[in-house]
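Working notes, structure below.
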Amino acid sequence: MVVAAVAAFLLGWRWYTALGKSKEECDKTQHSPTPLIIAAVSCFLMAWMLAGLMGHLSDVTIKGGVVSAIFVWIGFVLTTVATNHAFEGLRPLVTAIDAGHWLAVLILMGAIIGAFGA
């Protein structure tokens, strides 16, 4: 579970640094470590909950992890991100980038949890 959380955190870091922001733009918004701490704790909690769900479904396999991740993403993450972004007036591209990030995170977590068995 910790491996899945760390992998997801690193994936998120890479996902958003690949958006093309300059070092100066990133430095302006990242004076506080608080967002990184929240992201790390959130990744751990998400991995823990996904592992719990997979355990309750008795399908702690790579395939079971990926399928569970997709269902969780569609039912909870995509719907939440799309709703929040719609009310915030954000462009659909931003929604696609953010929702895509969470899909990649959940699939990675599910596959790792399934591979390691918890």
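- The main-chain N or O of F76 is found under 3.5 Å from a side-chain atom of T79 such that the two form a donor-acceptor pair.
- Judged by distance alone, with hydrogens and angles left aside, the side-chain atoms of W73 form a donor-acceptor pair with the main-chain N or O of A99 at under 3.5 Å.
- Side-chain contact check for M109 versus V105: some heavy-atom pair is nearer than 4.5 Å.
- L103 places none of its side-chain heavy atoms less than 4.5 Å from the side chain of V77.
- Side-chain contact between F44 and V41: absent, with no pair of heavy atoms (C-beta onward) separated by less than 4.5 Å.
- In this structure, T17 contributes its side chain and R14 its backbone to a donor-acceptor pair below 3.5 Å.
- A continuous path of ILVMFWY side-chain contacts below 4.5 Å connects L57 to V72, so both sit in one hydrophobic cluster.
- Considering CG of L10 and CG of L108, their distance stands at 9.5 Å, rounded to 0.5 Å.
- Surrounding CH2 of W15 are more than 12 heavy atoms belonging to other residues, nucleotides or ligands, all under 6.0 Å away.
- Looking at L106 and I70, their side chains never come closer than 4.5 Å, going by heavy atoms from C-beta outward.
- Contact detail for S68 and L50: the closest heavy-atom pair is CB-CD1, 4.1 Å.
- Within the 4.5 Å cutoff, no side-chain heavy atoms of D59 are placed close to those of M54.
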